[in-house]
Amino acid sequence: MSGAVRILLVEDDLDIANALIPALRRYGLMVTHVRTAADALAADPGDLVLLDLGLPDGDGINVCRQIRTVSDVPVIAVTARGEAADRVRGLRSGADDYVVKPFAPRELVARVRAVLRRTQAEPEQGSVVTAGRIALEPASRTCTLDGVEVDLTRLEFDLLAELASHPRTVYTRERLLEKVWGHQTPVGGKTVDVHVANLRRKLDGWGGIVAVRGVGYKLDPEAA
Ligand code: CA
């Protein structure tokens, strides 16, 4: 990454913002701070958005959805409501990660850096993606397991490539449908399960595609 990494901080609580901004700046991150949903949507999202879900003029989840319609910028949702339902809702709206208040500024900075590492390490088109025992070559659309080629359908390849492009990131079925099948798909989440089952069978029992109960799937490159 060349140049300073720019963070858009969307947070109406000034105590939190005033604690976070210096912590982020200490890591060389450039911070733009806004306090409302309207200002968040008008601002340049930069390289990463830190998004409070409880904003004075609207729900941060709607802000996240609107950002997602125009940009793939990573979003970390910040929620005061530490309930599981909110977390899942945050991920479904397209957030890459979430943090529950209260948190230590250094914990949030660590999350920011982890998400940036993941999202900025995305491979160039044509380069090989490796995730543990599997390797994917987008240009020729070949997949190998322990060096042996595996015959995948177009959708199976795209599904595996999507999961492998963000290892350890949990994808909801909705997000996978959107990414792999496209926005206007008429199929439901069950389709994802069927393709995952086929993939697992073809990948000869490799345990790298992990179901996350009640949410979706992630890829664990360290799986046996
Ligand atoms: Ca708030």
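All ligand and atom numbering here is 1-based and tracks the order in the structure.
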- Message: I'd like to know if the side chain of N18 and the backbone of L14 have a donor-acceptor N/O pair within less than 3.5 Å.
- Response: yes

- Query: I76 versus L48: any side-chain heavy-atom pair under 4.5 Å?
  - Reply: yes

- Message: Set out, in order, the CA-CA distance, both residues' side-chain angles and the distance that settles side-chain contact (heavy atoms from CB on, under 4.5 Å) for F103 and V78, then state yes or no.
- Response: CA-CA 10 Å; F103 52 81; V78 179; 3.5 Å; yes

- Mind checking whether L116 and L29 have side chains closer than 4.5 Å, heavy atoms only? yes

- Query: Which of these passes side chain to side chain donor-acceptor pair (under 3.5 Å) with N198: R201, R200, H195?
  - Reply: R201

- Query: Do any protein N, O or S atoms sit under 3.0 Å from the Ca ion (ligand 1), and which ones are they?
  - Reply: D12 OD1, D52 OD2, G54 O

- Message: Going by side-chain contact (heavy atoms from CB on, under 4.5 Å), K179 matches just one of D72, L159, D158. Which one?
- Response: D72

